[in-house]
Amino acid sequence: MVLRYNPRELEKKWQQRWDDDKLYEAKQDSSRPKWYELTMYPYTSGNLHIGHWYAMAPADAHARFKRMQGYNVLHPMGFDAFGLPAENAAINRGIHPHTWTMDNVENMRRQLRRMGAIYDWDREVITSLPEYYKWTQWLFLKLYHAGLAYRAEAPANWCPNCQTTLANEQVLDDGTCERCHTAVTRKDLEQWFFRITRYADELLDTSKIQWPERINVMQANWIGRSEGAEIAFGIEEYGLDEKEIRVFTTRPDTVFGVTFMVLAPEHPLVPLLTTPDRKDEVEAYVEAARRQSEIERLSTEKEQTGVFIGAYCTNKLSGDRVPIYIADYALLTYGTGAVMGVPAHDTRDFSYATRYDILIRTVIAPEGWRGDDLEEAYLEPGVMVNSGPFDGLPSQEGKQAVIKAMEEQGIGSGTVSYRLRDWLISRQRYWGAPIPMVYCQKCGVVAVPEEDLPVLLPEDAEFRPTGESPLTYHQEFANTTCPECGSPARRETDTMDTFMCSSWYFLRFASPKADNAPFRPEDLKYWLPVDQYTGGAEHAVMHLLYARFFVKALRDIGLLDFDEPFLRLFNQGTIINERQKMSKSRGNVITPDEYVDSLGADVIRAYLMFIGPWDQGGEWVDQGINGITRWYNRVWDMVLRDEAELDGRPTDDDSVVQTRHLLHKTIKKVTQDLEGFRFNTTLASLMSFTNHLGKVWEDGSVNSGVWRESIKVFLLLLAPIAPHLAEEMWSLKGYSYSIHNQPFPKWDEALAAEKEITLVLQVNGKVRDRVTVPASVTEEEAKELAMTSDRVKTHLKGRKPSRVIYVPGRLVNIVAR
RNA sequence: GCCGAGGUGGCGGAAAUGGCAGACGCGUCGGACUUAAAAUCCGAUUCCCCUAGGGGAGUGCGGGUUCAAAUCCCGCCCUCGGCACCA
């Protein structure tokens with residue numbers, strides 16, 4: 001397919017001009033309303049693929065649209081530049097991560113520029129540069145001093161062969177190390193965490209944001225708030241410091257049905273409570289559980305297994321003494337790491353009790369229950385039985401009653417548990433922002449003073465395929481002195497999770513050059529929060545949740561004064577090729593460069609927007625692009641015609657009226673569709689309009705004035721979608737530079753309104769005739785028309801209508817049975 | 001298993017509050033132009049029946065509500081995304 005204009009030249013020319021004129025420079029301007037439209041910045045993988053374009057080009061069209069609507073738009077771009085692939089490149093190809101990253105940035109920036117977006121490149125941020133990560137570290141210290149960062153022992157993925165920890169993404173699906181394929185186990189390490197759980201309830205509150213419900217639901221599920229109770233079971237008889245085992249349950253109403261206790265294998269009480277005769281068996285089970293850890297989770301319907309540890313605890317409410325087991329279905333990381341076993345009313349407990357021959361005692365009676373044994377766990381509400389003083393209470397009320405009783409007796413209390421865990425930010429890696437902490441032999445854990453930031457990554461690190469972070473054996477880096485007492489000290493050699501960088505980059509765009517702070521309050525005040533954020537839904541529970549937490553934390557520290565980073569969110573779908581996701585291994589990756597070379601950015605932009613609803617993604621089909629190139633060719637011809645030719649021919653008043661009507665209807669449709677990210681129907685209505693223009697040119701039924709006006713408005717409507725082409729044609733038509741500084745056209749509601757409608761005439765709900773009538777048609781007129789239609793008469797076959805339904809402006813349905 | 005989104009021609013997809021199913025585009029077929037092809041332009045294109053004019057069926061499947069259902073309700077099937085022993 002060949003274009004009638006030269007996209008390469010034309011696009012290059014205008015990009016240069018816009019650049020030279022700083023047309024898209026974002027400047028604060030209190031006289032105009034601001035609009036901060038942000039697209040998730042890309043990772044510096046090295047190449048921009050069509051998926052990036054799919055995320056960015058429509059977002060740019062939307063930002064351009066807002067700009068033409070009079071908003072002062074900030075639509076910045078940057079690079080997520082820390083991360084593992086840079087390190088792997090260093091190991092595999094001997095390229096320093098910094099070099100690899102910056103080469104990629106350069107290439108991607110070049111590719112991005114060709115898209116013709118309104119990015120203000122003066123605001124670019126690259127997270128791996130010290131000028132950026134200095135402030136990532138600074139923010140870490142702020143969180144640390146606010147008590148939101150802490151160090152704790154946590155299990156990490158450990159490869160026994162490589163002798164190193166692995167990030168989750170380095171563990172293959174079969175639970176083995178991606179490098180040596182050894183089974184990965186867990187190893188407990190001291191690591192850094194952020195207290196995101198402190199914000200769990202506020203993160204559940206979505207009243208201040210307009211996000212897709214889907215994402216809100218995913219976040220809510222991820223946070224997993226459960227109301228219930230914490231209950232203490234007595235173990236005084238063992239003479240330990242701990243006098244009780246605490247469990248979390250959402251079913252305090254079933255507490256009289258507890259017939260056993262389950263501890264997570266790693267529970268600290270296990271070694272203390274295990275009786276000598278059980279020791280070997282218990283230790284073997286703990287070891288096995290440790291070994292399987294995350295791996296065996298893949299088996300869905302796994303049977304509940306465990307071992308009795310020889311000890312018992314006391315149900316303080318019922319007085320029952322119940323055996324204590326360890327079982328891997330109890331997770332140390334959720335609740336208290338201990339579960340009260342109520343087999344009658346919990347599926348897993350039921351299966352466990354059946355397997356180990358443990359008593360199953362019904363305490364919530366199903367309707368019509370006559371005391372017989374349950375075939376399976378009964379999970380629904382019912383009436384409390386076998387529950388002492390609570391017998392006869394409906395279980396829903398029983399929950400509160402039991403909690404109240406336990407609180408009075410000091411053996412338990414109502415509480416809330418979350419699935420969400422604190423955010424582990426330590427990475428045993430080189431290519432990340434060093435965590436600015438020092439371990440002093442005398443002072444312990446000491447924060448690096450602000451004035452000593454940044455803690456720079458040593459450039460001369462060695463990248464050996466040992467799997468260990470180069471920082472751990474970089475003596476100059478690791479060995480330091482304590483900032484407080486001056487004694488020899490060791491630096492933290494872990495670096496930060498890259499989600500840390502992306503949790504505040506949108507703030508940095510407001511003050512990209514600030515060198516004495518991560519951002520300036522006055523800049524934030526003007527630009528933030530982000531009005532519209534767009535990106536993939538794959539970040540629903542990681543990046544998006546972390547960024548929300550970050551903003552709330554910084555607000556509480558006093559660094560900013562809003563509650564949410566992103567007011568509106570839109571998730572584009574995934575673009576696929578050959579019915580599959582694009583990936584290097586499948587060899588079906590579409591590279592935009594070749595298409596930009598031959599067809600130009602504007603074609604790709606429009607094609608991606610036309611392919612289907614943006615949030616549903618779509619399939620890249622080479623042939624489909626033909627539709628856009630043909631359309632541009634026709635538009636090009638049409639726009640460049642000399643409208644004076646029309647004046648030699650008689651005009652048709654109806655055609656003029658209809659063209660005006662269509663013009664305003666199109667403005668309305670395009671405006672509303674762009675507002676709602678419905679680019680596919682935006683394009684469809686623009687195409688329809690040009691189809692109409694083609695017809696009226698052929699029959700010469702409009703005058704040059706209407707034509708010129710139609711073309712002018714059309715170009716303005718096209719500008720956000722095809723910025724180069726629209727600018728070129730705008731200029732060729734003699735309008736003044738730049739089209740992108742023009743206001744977006746406004747429609748006249750009277751002109752946009754339909755003057756004529758097609759009235760559908762139905763008999764018994766089936767369409768039998770259609771008549772064109774003025775939109776002002778009255779009910780009587782419409783019904784009259786229906787009754788006089790020959791086709792309607794034929795289908796009535798002389799029957800008397802029993803009912804006539806009139807839908808204004810739409811149809812008449814005659815019912816006759 | 002649980003949560004969420006979706007299923008419409010040969011294909012991508014259009015269709016406020018229930019009210020003309022298939023906009024727009026791709027592809028295909030026919031025609032024009034051409035020595036020929038490409039490109040371009042014009043026309044047709046849901047399926048079935050019919051010589052015509054027209055008739056019938058049709059939005060994953062089966063029921064239902066309604067004058068009227070792609071749209072609402074009930075029960076299934078399938079696809080995609082997320083979570084996955086969360087007590």
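Sequence lines set the chain letters: A, B, ... in the order given, protein chains first and strands last, and positions in each chain run from 1.
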Could you tell me whether A/Ala537 contacts a base, only the sugar-phosphate backbone, or nothing, with contacts defined as non-hydrogen atoms closer than 4.0 Å? nothing
Of A/Phe677, A/Trp211, A/Tyr533, the one forming a ring-ring contact (aromatic ring centres under 6.0 Å, His included) with A/Phe570 is A/Phe677
Rounded to whole Å, please give me the gap between CZ in A/Arg225 and P in B/rA87. 13 Å
Given ring-ring contact (aromatic ring centres under 6.0 Å, His included), test A/Tyr418 with A/Trp222 step by step and report yes or no. CA-CA 9 Å; A/Tyr418 300 90; A/Trp222 187 261; over 10 Å; no
Answer yes when A/Lys316 and A/Glu244 have at least one side-chain N-carboxylate O distance shorter than 4.0 Å, and no when they do not. yes
On RNA chain B, check which nucleotide each of A/Val217 and A/Pro613 is closest to and give me the residue with the more 5' one. A/Val217
Phosphate OP1/OP2 of B/rA68 contacted by A/Arg803 side-chain N/O (<4.0 Å): no
Are OP1 or OP2 of B/rA87 and a side-chain N or O of A/Ser226 less than 4.0 angstrom apart? yes
Indicate, with a heavy-atom threshold strictly under 4.0 Å, whether A/Gly809 touches base, sugar-phosphate, or nothing. nothing
Find the distance A/Glu376:CD to B/rG1:P and express it as a whole number of Å. 15 Å
Positive for side chain to side chain contact (heavy atoms under 4.5 Å, CB included) with A/Met582, one of A/Ile576, A/Thr574, A/Ile590: A/Ile590
Using whole Å, report how far CG of A/Leu811 lies from P of B/rG19. 10 Å
Which label fits B/rG9, syn or anti, where anti is any glycosidic angle not within 90° of 0? syn
Charged N-O contact under 4.0 Å between A/Arg225 and A/Glu227: yes
Member of A/Asn626, A/Thr690, A/Asn691 meeting the side chain to side chain donor-acceptor pair (under 3.5 Å) criterion with A/Trp631: A/Thr690
Pick the C1' atom in B/rC2 and in B/rC85, then give their distance to the nearest Å. 12 Å
Scan A/Glu781, A/Glu779, A/Glu780 and name whichever one has a side chain to side chain donor-acceptor pair (under 3.5 Å) with A/Lys783. A/Glu779
Can you pull every protein N or O that's under 3.5 Å from an N or O on nucleotides 22-26 of chain B?
residue, atom, partner, partner atom, Å
B/rG25, OP1, A/Asn691, ND2, 3.2
B/rC26, OP1, A/Arg630, NH1, 2.5

Applying a 4.0 Å non-hydrogen cut-off, can you work out what A/Ser802 is touching in the nucleic acid: base, sugar-phosphate, or nothing? nothing
In whole Å, what separates the C1' atom of B/rC48 from that of B/rA14? 25 Å
Review item, nucleotides 50-55 of chain B N/O atoms under 3.5 Å of protein N/O:
residue, atom, partner, partner atom, Å
B/rG54, OP1, A/Arg791, NH2, 3.0
B/rG55, OP1, A/His795, NE2, 2.8

Ionic contact status for A/Arg641 with A/Glu645, cut-off 4.0 Å: no
With rounding to whole Å, what would you report as the distance between B/rG10 and B/rU46 at their P atoms? 10 Å
Separation of the P atoms in B/rC11 and B/rU59, to the nearest angstrom: 15 Å
Between B/rA16 and B/rA69 - C1' atom distance, rounded Å: 16 Å
In sequence, state the C-alpha distance, the side-chain angles, and the governing distance for A/Ser351 and A/Gln304, and then conclude on side-chain hydrogen bond (donor to acceptor under 3.5 Å, both in side chains). CA-CA 7 Å; A/Ser351 132; A/Gln304 280 71 35; 2.7 Å; yes
Looking at the side chain of A/Trp222, which of B/rA14, B/rC83, B/rC20 is the nearest nucleotide? B/rC83
Could A/Arg678 and A/Trp614 be counted as a cation-pi pair, given that NZ or CZ must be under 6.0 Å from the ring centre and within 45° of the axis? no
Has the side chain of A/Arg810 got a donor or acceptor that lies under 3.5 Å from a partner of the other kind on the base of B/rA16? yes
Report the nucleotide, chosen from B/rA14, B/rC20, B/rA87, that has the shortest atom-to-atom distance to any side-chain atom of A/Val760. B/rC20
Which of A/Phe193, A/Phe499, A/Tyr199, A/Tyr546 passes ring-ring contact (aromatic ring centres under 6.0 Å, His included) with A/Trp423? Answer is A/Tyr546
Given A/Phe260, which of A/Tyr352, A/Phe233, A/Phe350, A/Phe308 fulfils the ring-ring contact (aromatic ring centres under 6.0 Å, His included) condition? A/Tyr352
In whole angstrom, give me the gap between the P atoms of B/rU17 and B/rC3. 27 Å
Please evaluate the base of B/rC20 for a donor-acceptor partner in the side chain of A/Arg770 within a cut-off of under 3.5 Å? yes
Salt-bridged, A/Asp637 to A/Arg4, with N to O below 4.0 Å? yes
Just to be sure I understand the rule, does A/Arg214 reach a base, reach only the sugar-phosphate, or reach nothing, if contact means heavy atoms closer than 4.0 Å? sugar-phosphate
Given A/Met340, which of A/Asp346, A/Thr254, A/Val322 fulfils the side chain to side chain contact (heavy atoms under 4.5 Å, CB included) condition? A/Thr254
Which part of the nucleic acid does A/Gln762 contact within heavy-atom distance under 4.0 Å: base, sugar-phosphate only, or nothing? base
When all nucleic acid strands are considered with a 4.0 Å heavy-atom cut-off, which category describes A/Asn221: base, sugar-phosphate, or nothing? sugar-phosphate
To the nearest angstrom, how far is A/Gln219 atom CD from B/rC3 atom C1'? 15 Å
Flag this pair as yes if the NZ/CZ of A/Arg605 is under 6.0 angstrom from the six-membered ring centre of A/Trp53 and inside a 45 degree cone about the axis; otherwise no. no
Any A/Lys766 side-chain N or O less than 4.0 Å from OP1/OP2 of B/rA57: yes
Separation of A/Asp637 atom CG from B/rA39 atom C1', in whole Å? 12 Å
With heavy atoms under 4.0 Å as the rule, sort A/Thr250 into base, sugar-phosphate or nothing. sugar-phosphate
B/rG13 versus B/rA23 - spacing of their P atoms, nearest Å: 15 Å
Rounded to the nearest Å, what distance is computed from the CD1 atom of residue A/Ile215 to the C1' atom of nucleotide B/rA5? 11 Å
Using atom P of each nucleotide, how far apart are B/rC61 and B/rU71 to the nearest Å? 11 Å
A/Met218 CE to B/rA84 P: how many Å, rounded? 11 Å
When we call it a touch if two heavy atoms are under 4.0 Å apart, what does A/Val815 touch: a base, just sugar-phosphate, or nothing? sugar-phosphate
Go ahead and write out RNA chain B as dot-bracket, 5' to 3': ( ) for pairs within the strand, [ ] for ones crossing earlier pairs, | when the partner sits on another strand, dots for unpaired; Watson-Crick or G-U wobble, both distances under 3.5 Å. (((((((..(((......[....)))((((((.......))))))((((....))))..(((((..]....))))))))))))....
If I take atom CZ in residue A/Arg678 and atom P in nucleotide B/rG13, what distance separates them, rounded to the nearest angstrom? 17 Å
